[in-house]
Amino acid sequence: MLFKPITMFMFLIFIINIVLVTSADLKPGYYSKTCPQAETIVRDVMKKALAREPRSVASIMRFQFHDCFVNGCDGSLLLDDTPTMLGEKLALSNINSLRSFEVVDEIKEALEKACPGVVSCADIIIMASRDAVALTGGPDWQVKLGRLDSLSASQDNSSDIMPSPRSNATTLINLFQKYNLNVKDLVALSGSHSIGKARCFSIMFRLYNQSGSGKPDPAIDPGFRAELDKLCPLDVDQNKTGNLDATPVVFDNQYFKDLVGGRGFLNSDQTLFTFPQTQGFVRSFSIDQNEFFKAFVEGMLKLGDLQSDQPGEIRKNCRVVNPRPAPHVLY
């Protein structure tokens with residue numbers, strides 16, 4: 001039994017490309033020669049998405065968190081289920097929550113037209129997340145690029161790793177520490193909830209049965225609780241959404257001001273003010289927006305440095321891995 005020489009040669013080149021590129025260092029301007037317009041293309045599509053539906057850019061910003069915490073920033077979040085693999089989109093923390101994957105599809109299509117096979121889906125997430133913040137009034141920064149796309153995804157890993165809206169500060173601190181993210185990083189990155197919405201599903205227990213008490217969370221400001229009761233009554237469609245802070249389409253420090261006032265939407269947000277170890281940063285960021293912006297950028301860069309130790313590729317379609325060449329044999 002022999003491999004056809006040319007087919008075998010092409011197969012080996014394919015494997016070598018997968019393995020060798022994984023050691024590439026992340027750096028700013030990674031595509032400056034291979035696809036110099038890459039970042040402009042991403043931002044242009046994000047501008048269009050923002051004009052169509054402001055919530056969509058907030059959704060995309062959260063992709064970086066949900067992707068990078070699960071086996072590093074490798075675009076595994078974007079893979080659809082297959083007959084042999086359960087992807088991460090239907091993981092417990094993602095199902096009925098993450099959305100706007102079609103915007104990433106639109107970005108990838110534009111990049112493939114300009115620079116076929118060059119820009120990874122993992123890097124698209126990083127660029128688009130940055131742009132979501134910058135386009136809604138937040139800081140802008142230079143991102144490091146050069147990631148590869150994973151060859152698989154893990155629904156179980158995503159379900160096991162990503163925190164619940166019910167999480168308290170201790171749980172969040174412990175999770176972030178596993179990724180070399182400190183308490184300041186945790187509080188600053190939680191400021192991603194400066195834009196966007198969340199579902200009633202995520203707060204029903206806070207309103208009606210906090211910690212199994214049959215009562216609302218006492219940390220909720222009474223006036224705000226009345227607003228939430230009206231938004232999310234017991235018989236509500238729990239997919240109904242509410243604003244994560246008082247300025248849901250503007251990236252600012254209002255989120256922290258709301259936490260100080262007991263008006264945090266999610267338990268995992270309000271706990272940052274009720275817990276002594278995180279409260280000081282919440283107060284500080286509520287007073288000084290520039291300090292928050294600086295800490296947020298630092299946190300996003302650290303989050304973006306989380307890397308997979310697995311081989312990867314540049315996907316042509318962010319939803320599926322590239323077709324594998326099958327070596328032909330002669331008998």
Determine, using ring centers only, whether Phe296 and Phe251 are less than 6.0 Å apart. yes
Give every donor-acceptor pair under 3.5 Å between a side-chain atom in residues 223-237 and any protein atom, sequence neighbours left out.
unit_1	atom_1	unit_2	atom_2	d
Glu227	OE1	Arg263	NH2	3.4
Glu227	OE2	Arg263	NH2	3.1
Asp237	OD1	Asn239	N	3.0

For the pair Phe292 and Phe285, name the ring-plane relationship: parallel under 30°, tilted 30 to 60°, perpendicular over 60°. tilted
Does Arg319 come within less than 4.0 Å of Glu102, counting only side-chain N to carboxylate O? no
Going by side-chain heavy atoms closer than 4.5 Å, which hydrophobic residues are tied to Val249, directly or by a chain of links? Val250
Over all heavy atoms of both residues, which pair between Asn243 and Phe265 is shortest? Give the atoms and the distance, please. O-CD1, 3.5 Å
Rounded distance (nearest 0.5 Å) linking atom CG of Leu189 with atom CD of Glu298: 10.5 Å
For Asp74 and Gln307, what are the C-alpha separation, side-chain angles and deciding distance, and is it a side chain to side chain donor-acceptor pair (under 3.5 Å)? CA-CA 7 Å; Asp74 61 0; Gln307 292 302 298; over 6 Å; no
Heavy-atom pair with the smallest gap, counting every atom of Cys121 and Leu78: CB-CD1, 3.8 Å
In Å, rounded to the nearest 0.5 Å, how long is the span from CG of Asp25 to OH of Tyr30? 9.5 Å
Could you tell me if the ring centre of Phe176 sits under 6.0 Å from that of Phe69? yes
Suppose the criterion is salt bridge (charged side-chain N to carboxylate O under 4.0 Å, His left out): which pairs have a residue in residues 34-60, not counting sequence neighbours? Glu39-Arg130, Arg43-Asp131, Arg43-Asp140, Arg52-Glu106, Glu53-Arg99
Point-to-point distance, once rounded to the nearest 0.5 Å, from CG of Asn253 to CD1 of Ile287: 9.5 Å
Heavy atoms of Asn71 and Ser154 approach each other most closely as ND2-CB, 4.4 Å
Running the 4.5 Å side-chain criterion over Ile, Leu, Val, Met, Phe, Trp and Tyr, what cluster does Met85 land in, apart from itself? Leu79, Val321
Scan residues 273-287 for pairs that pass side-chain hydrogen bond (donor to acceptor under 3.5 Å, both in side chains), counting only residues two or more places apart or in two chains. Ser284-Glu291
Is it the case that more than 12 heavy atoms not belonging to Lys316 sit under 6.0 Å from its NZ atom? no
Criterion side chain to side chain donor-acceptor pair (under 3.5 Å) on Thr171 and Asn168, from CA distance to verdict: CA-CA 6 Å; Thr171 299; Asn168 59 32; 3.0 Å; yes
Of Leu26, Ile126, Asp123, the one forming a side-chain contact (heavy atoms from CB on, under 4.5 Å) with Lys144 is Leu26
Please collect all salt bridge (charged side-chain N to carboxylate O under 4.0 Å, His left out) contacts where either partner lies in residues 81-97, sequence neighbours excluded, each pair once. Asp80-Lys89
To the nearest 0.5 Å, what is the distance between CG (Leu266) and CZ (Arg199)? 11.0 Å
